[in-house]
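Every chain is numbered from 1 and lettered A, B, ... according to where its sequence line falls, protein lines coming before strand lines. Note: hydrogens, waters and symmetry copies are ignored here, and every other heavy atom, side chains too, is used.
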Amino acid sequence: MDRNHRSDAVIPVALVILGILFMVFGIGRGEALLVLMKAIRICLECVGIG
Amino acid sequence: MGRTNRHMIQGGFSFLTNAYLPGFLNGSIFTGPTKIACVPGLSCYSCPGALGSCPIGAMQFVLGSRDYSFSLYITGFLVTIGALSGRFTCGWLCPFGLLQDLLHKIPFRIKILTVKGDRYLRLIKYALLLVFVILFPLFVLDIAGQGEQGFCKWICPSGTIMAGWPLVAANDGIRNAIGFLFAWKNLILIALLLISIVIYRPFCRYLCPLGAIYGWFNPVALYRFHIDEASCDKCGICQNACKLNIPVFEKPNSPDCIRCNDCIHACPNGSIQKGIAGKEHPVYDSMKRIVEKEGDPV
């Protein structure tokens with residue numbers, strides 16, 4: 001594998017790491033629990049009630 | 001992998017992520033802890049069978065909450081999925097994508113590849129993302145200060161068919177509560193379902209905010225397409241095979257590509273390769289080695 005090929009992977013790998021860090025910090029500040037609280041109740045907007 | 005296998009994977013994934021079958025009978029939804037995690041496709045968390053959360057719905061809810069004006073959790077999820085595979089999810093894992101795929105198989109005299117103003121219509125999904133997914137939750141607030149989930153409420157056809165239809169059918173309380181909004185959302189849904197028979201994936205092409213986000217990652221995702229310039233004669237067969245009318249030989253990683261692989265199967269020269277960025281491309285590398293060894297014949 002030459003350097004050009006390797007450099008193709010730098011951006012996506014960096015983005016994946018960034019994405020995972022975002023998720024970890026998001027979970028840490030309670031966003032995931034907020035999502036869970038929403039997801040376990042019937043979403044009236046989604047159904048079309050409002 | 002052929003089209004039938006792709007549909008089997010779409011169907012299998014849609015079933016696995018919506019496998020809480022008692023919900024369909026009881027008119028209720030799953031309330032277990034797996035819903036803390038998002039699924040990659042536009043799969044409504046109020047579908048009775050849903051085991052995970054919809055990232056677009058979750059994004060709107062977090063943005064609309066009083067505690068956060070930016071969602072690290074959902075943004076991180078979308079960036080991770082996008083950076084790994086771009087719009088692969090749209091072609092292989094999204095239940096609403098599967099529904100449109102199947103509807104387009106219905107034999108009909110007219111099948112339209114593209115419409116007038118297609119280039120501009122494709123921009124609608126970015127406008128919907130900005131206005132209904134981001135701005136509505138941030139700025140259209142109810143008396144409690146909770147932002148409105150604009151996309152879920154006014155547009156999302158996936159929510160209408162995955163959550164609305166089964167819950168209205170099986171839950172008396174919900175059936176008694178429906179009114180204008182349900183009719184409006186059904187109008188959008190039915191229009192899209194009918195158009196899907198004639199035009200391939202109209203929702204994904206023009207309206208889906210999740211596809212808009214994943215599409216940005218297509219050119220830089222780890223999984224991407226590559227054109228072997230040495231063997232590609234730019235005949236356009238790939239574009240003819242593409243139901244989204246993408247000139248694959250020019251833009252193999254177009255933001256509109258859902259990675260269905262039809263172009264790969266159609267190319268007579270095998271010039272379109274899929275693979276992981278950073279790994280060697282077999283045809284390209286074999287040609288390169290020949291050129292290095294024997295000199296460029298041109």
remark   = Bottom line for Ile155(B): the part with an atom under 4.5 Å from chain A's heavy atoms is neither
query = Hey, is the main chain of Met37(A) close enough, under 3.5 Å, to the side chain of Lys35(B) for a donor-acceptor pair?
reply = no
remark   = Interface check, chain A: of Gln60(B), Glu148(B), Gln149(B), Met59(B), most non-hydrogen pairs under 4.5 Å belong to Gln149(B)
Validation row: Val35(A), Tyr73(B) side chains within 4.5 angstrom (heavy atoms) = yes
request  = Compare every heavy atom of Pro12(A) with every heavy atom of Leu222(B), then report the nearest pair and how far apart it is.
outcome  = N-CB, 3.5 Å
ask   = How would you list all residue pairs meeting disulfide bond (SG atoms under 2.5 Å apart) that involve residues 156-192 of chain B, not counting sequence neighbours?
value = none
ask   = Can you check side chain to side chain contact (heavy atoms under 4.5 Å, CB included) on Asp8(A) and Arg224(B), steps first, answer last?
value = CA-CA 10 Å; Asp8(A) 283 351; Arg224(B) 66 179 94 150; 4.2 Å; yes
remark   = Correct closest heavy-atom pair for Lys185(B) and Glu45(A) would be NZ-O, 3.3 Å
note = Most heavy-atom pairs under 4.5 Å with chain A, out of Phe70(B), Trp184(B), Trp154(B), belong to Phe70(B)
task = Name the region of Ser71(B), side chain, backbone, both or neither, that has any atom closer than 4.5 Å to a heavy atom of chain A.
result = both
message = If I compare all heavy atoms of Ala163(B) with all of Val47(A), which pair ends up nearest, and what's the gap?
response = CB-CG2, 4.2 Å
inquiry  = Determine whether a donor-acceptor pair (N or O, by modelled atom type, separation under 3.5 Å) exists between the side chain of Lys38(A) and the backbone of Phe61(B).
reply    = no
inquiry  = What part of Phe30(B) gets within 4.5 angstrom of chain A, counting heavy atoms only: side chain, backbone, both, or neither?
reply    = backbone
message = I'd like to check Phe217(B) versus Leu15(A) (side-chain heavy atoms, cut-off strictly below 4.5 Å). Are they in contact?
response = yes
message = If you compare all heavy atoms of Ala83(B) against all heavy atoms of Val16(A), which two are closest, and at what distance to 0.1 Å?
response = CB-CG2, 3.7 Å
inquiry  = To the closest 0.5 Å, what do you measure between CZ (Phe22(A)) and CD1 (Ile74(B))?
reply    = 13.0 Å
message = If I measure from the heavy atoms of chain A, does Ile81(B) come under 4.5 Å with its side chain, its backbone, both, or neither?
response = neither
Where at least one partner belongs to residues 20-50 of chain A, residue pairs that pass disulfide bond (SG atoms under 2.5 Å apart), sequence neighbours excluded = Cys43(A)-Cys46(A)
query = Judged by atom type as modelled, is there a donor-acceptor pair below 3.5 Å linking the side chain of Glu31(A) to the main-chain atoms of Leu72(B)?
reply = yes
ask   = Considering residues, nucleotides and ligands other than Ile11(A), do more than 12 of their heavy atoms fall under 6.0 Å from its CD1?
value = no
ask   = Are side-chain heavy atoms of Ile49(A) and Ile178(B) found at a separation under 4.5 Å?
value = yes
task = Measure Arg29(A) against the heavy atoms of chain B and call it side chain, backbone, both or neither at under 4.5 Å.
result = both
key: Contacting region of Ala221(B) [heavy-atom separation from chain A under 4.5 Å]   = backbone
task = Flag the one option from Thr34(B), Thr31(B), Ile36(B), Val79(B) with the top tally of heavy-atom pairs under 4.5 Å to chain A.
result = Ile36(B)
query = Looking at Pro33(B), Ser46(B), Gly159(B), which has the largest count of heavy-atom pairs under 4.5 Å with chain A?
reply = Ser46(B)
ask   = Picking from Ile17(A), Val13(A), Leu33(A), Leu34(A), which has the most non-hydrogen pairs under 4.5 angstrom with chain B?
value = Leu34(A)
key: Rounded distance [0.5 Å steps], CD1 in Ile40(A) versus OG in Ser53(B)   = 10.0 Å
Heavy-atom closest pair, residues Gly32(B) and Leu36(A) = O-CD1, 3.7 Å
4.5 Å side-chain heavy-atom contact, Ile174(B) and Ile42(A) = yes
